[in-house]
K.L.:
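Got a structure for you, questions after.
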Amino acid sequence: MSVRVRFAPSPTGYLHIGGARTALFNWLYARRTGGTFVLRVEDTDAARNSQAAVDVILDGLRWLGLDWDEGPLTAEASSPSKGNRGPYFQSQRKETYARRVEVLLSRGLAYEKDGAVRFKMTRDPVLIRDLVVGDVTRALTDREEVDPDFVIMRSDGSPVFHFVNVVDDLEMGITHVIRGEDHLSNTSKHVALFRAFGTEPPKYAHIPLILNADGSKMSKRDTGAALTYYMENGYAPEAVLNYLCLLGWSPKDGREVIPLKELIADFDLPQILRHNARFDHEKLKWMNGEYLRAMTPDRFYEMSTQTLARAGMDTNRFPAAYVKAALDTCMGKLRIFSELPGYGGFYFTERVELDAEAKTAVSGEAHARLAKLRSAFAELGDFTASGLESTLKDTAKAVGVKNGLMVHPARFACTGRGSGPSLYHLLEVLGRERVLARMDAALKA
RNA sequence: GACCCUAUCGUCCAGCGGUUAGGACACCGCCCUUUCACGGCGGUAACCGGGGUUCGAAUCCCCGUAGGGUCGCCA
């Protein structure tokens, strides 16, 4: 029997990073086994459901490159979807749930009370055979001892999560349920429901949760809890995907930066760890830097211009060759794109603002050196990196100072900062006009 | 309150009865270098505690402790 897995998010308006990893693990398992990855939208809670909220999920999965074989084509619940086991929006499956409730009612496995339908839950401990956690025997809690039954359909006729989740997995032929460990305790309910329908439950794999750096639970408010944070802050999706994989799973050798193909080939359920992992933003940034360095120039330009545009710098106002040359000096130097406006933004502003540190760096003795350098540059016929370099070195020698004492003020004058791209290359890209203008401005400051 | 899961450097992982407990991120030195990165070399740093089992436990068992999760007419 071929593998069928699913990701079943609830459209709450954001895609949790842990949810994204759950989707990823499901997707990887489907791809490695040649199975089917189903996307199902659990939009039973009409109150907080909206098309925009569904789009957040679809956009997030698309950004990560997690394509689904069956599921919605658009965020609109009633529009066509792909796959023949739909509908894939729970809001469109009311008849199915009603029919299934009737089955349990007619078999005496559920009963009505106060207008709601309750399922007759077994009082015996339930054995859950989990591919990650192992065998788990779930006993009743003290409250459940008093009343183990639970509502499967509210008095207003709407079905509840535990019920629709099981019915859909059953009807959609799901073979493996890979989900967060927060569902482990509830799995006994699901197992009992599957049995009530006369079938064995799918295989379960409960994966550990992702916690904040301090070990606390990651909730919407926390930085980086939503996938959109990474989409909007200069991360490459393949880096986020790679990092997410390494939270709770790893290949037996020491590989960390792992191409997607290898990820798919090597990923497997039994190797997943049982304990929760803390999210390390620093390591993600490092990994993102690895991917940025390996990125093709075209992709780098594209992501760079998007980032700059978001920061209010319209690169379209400059000649394409200038933008390209400017970005070339930044390539390989960043960890995340959101560092770019600060790192290379000076290329795309009319003038550079000199803060206190910059003013200090171009005043005093440096002022005279900068003035010397300015006139040397003005007379330079060949305004190229190599010409600029030898001119600067010659000037330093003439003045009798180390190169660094010329480099430093020049960098501050032209970029406003103490660090950045290679000075000689940045000067060439900026061009004579801008360089002399900025040096003049700095000398007057 | 009850039930369930978990426990190796600060963090992510390796280890699956015998290792000088390994790698990565971060951190600290040194080298490279016009800055910053990158790269190279080196360093600091861990088996939660207590009992067992065993010739021998990070590895197996039990008890604590700690963290996480779950017990809804939320999902």
K.L.:
Kindly give the atom pairs (protein nitrogen or oxygen, nucleotide nitrogen or oxygen) under 3.5 Å for nucleotides 66-70 of chain B.
P.N.:
residue: B:G68; atom: O2'; partner: A:Asn276; partner atom: ND2; Å: 3.0
residue: B:G69; atom: O2'; partner: A:Asp182; partner atom: O; Å: 3.3
residue: B:G69; atom: N2; partner: A:Ser185; partner atom: OG; Å: 2.9
residue: B:U70; atom: O3'; partner: A:Asn186; partner atom: OD1; Å: 3.3
residue: B:U70; atom: O2'; partner: A:Asn186; partner atom: ND2; Å: 3.3

K.L.:
Fit a plane to each ring of A:His190 and A:Phe161, take the angle between them on a 0 to 90° scale, and name the class: parallel (under 30°), tilted (30 to 60°) or perpendicular (over 60°).
P.N.:
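Because their plane-to-plane angle is over 60°, the rings of A:His190 and A:Phe161 count as perpendicular.
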K.L.:
Looking only at heavy atoms, what is the nearest atom pair of A:Gly71 and A:Ser81, with distance?
P.N.:
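Looking at all heavy atoms of both residues, the shortest contact is O-CB, 3.0 Å.
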K.L.:
Base, backbone or nothing for each nucleotide of nucleotides 26-36 of chain B, written B, S, -, heavy atoms under 4.0 angstrom, 5' to 3'?
P.N.:
S-------BBB
K.L.:
Measure CZ/A:Arg293 against P/B:C38 and give the value in whole Å, please.
P.N.:
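Distance check: A:Arg293 CZ to B:C38 P gives 6 Å.
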K.L.:
Report yes if the distance between the aromatic ring centroids of A:Phe337 and A:Tyr343 is under 6.0 Å, otherwise no.
P.N.:
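Ring-ring flag for A:Phe337/A:Tyr343: false, centres at least 6.0 Å apart.
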K.L.:
Measure from the side chain of A:Val136, starting at C-beta and using heavy atoms only, and say which of B:A75, B:C5, B:A2 lies closest.
P.N.:
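Selected nucleotide: B:C5.
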K.L.:
Classify the angle between the aromatic ring planes of A:Phe279 and A:Tyr243 as parallel (below 30°), tilted (30 to 60°) or perpendicular (above 60°).
P.N.:
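Ring orientation of A:Phe279 relative to A:Tyr243: perpendicular.
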K.L.:
Sort out the partner of B:C27 for me: Watson-Crick or G-U wobble, both distances under 3.5 Å, none otherwise.
P.N.:
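B:G43 - that is the nucleotide pairing with B:C27, both distances being under 3.5 Å.
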K.L.:
Taking the side chain as everything from C-beta on, heavy atoms only, tell me whether A:Tyr301 gets closer than 4.5 Å to A:Asp328.
P.N.:
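They are in side-chain contact.
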K.L.:
Does B:A21 have a Watson-Crick or wobble mate here (both distances under 3.5 Å), and if so which one?
P.N.:
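Paired with B:A21, as far as the under-3.5 Å criterion goes, is no nucleotide at all.
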K.L.:
Could you check whether the rings of A:Tyr229 and A:Tyr235 sit parallel, tilted or perpendicular, using 30° and 60° as the cut-offs?
P.N.:
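Judged by the thresholds at 30° and 60°, the geometry between A:Tyr229 and A:Tyr235 is tilted.
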K.L.:
B:C73 phosphate, OP1 or OP2: any side-chain N/O from A:Ser155 under 4.0 angstrom?
P.N.:
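For B:C73, OP1/OP2 do not have a side-chain N/O of A:Ser155 under 4.0 Å.
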K.L.:
How close or far is atom P of B:C74 from atom CG of A:Asp43, stated in whole angstroms?
P.N.:
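So the two atoms are 16 Å apart, to the nearest Å.
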K.L.:
In terms of the angle between their ring planes, are A:Phe377 and A:Phe383 parallel, tilted or perpendicular, with boundaries placed at 30° and 60°?
P.N.:
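Taking A:Phe383 first and then A:Phe377, their aromatic rings stand perpendicular (interplane angle over 60°).
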K.L.:
Is A:Arg154 near enough to B:C74 that one of its side-chain N or O atoms lies under 4.0 angstrom from OP1 or OP2?
P.N.:
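Looking at the OP1 and OP2 atoms of B:C74, one of them is under 4.0 Å from a side-chain N or O of A:Arg154.
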K.L.:
Both distances below 3.5 Å, Watson-Crick or wobble geometry, any strand: find the nucleotide opposite B:C3.
P.N.:
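Here B:C3 is engaged in a pair, and the nucleotide opposite it is B:G69.
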K.L.:
Before we go on, tell me: are the rings of A:Phe267 and A:Trp249 under 6.0 Å apart, centre to centre?
P.N.:
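Here the rings of A:Trp249 and A:Phe267 have centres that are less than 6.0 Å from each other.
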K.L.:
I need the CG-P distance between A:Leu244 and B:C12, as an integer number of Å.
P.N.:
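It works out to 14 Å between those atoms.
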K.L.:
Hey, are the side chains of A:Ser155 and A:Asp114 touching, using non-hydrogen atoms and a 4.5 Å cut-off?
P.N.:
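Of all side-chain heavy-atom pairs linking A:Asp114 with A:Ser155, none is under 4.5 Å.
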K.L.:
May I ask you to say what A:Ala116 touches in the nucleic acid, namely base, sugar-phosphate or nothing, with a heavy-atom cut-off under 4.0 Å?
P.N.:
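Base, at least one base heavy atom under 4.0 Å.
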K.L.:
Tell me the partner of B:C60, counting only Watson-Crick (N1-N3 plus N6-O4 or O6-N4) or G-U wobble (N1-O2 and O6-N3) with both under 3.5 Å; none if nothing fits.
P.N.:
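Across any shown strand, B:C60 pairs with B:G52.
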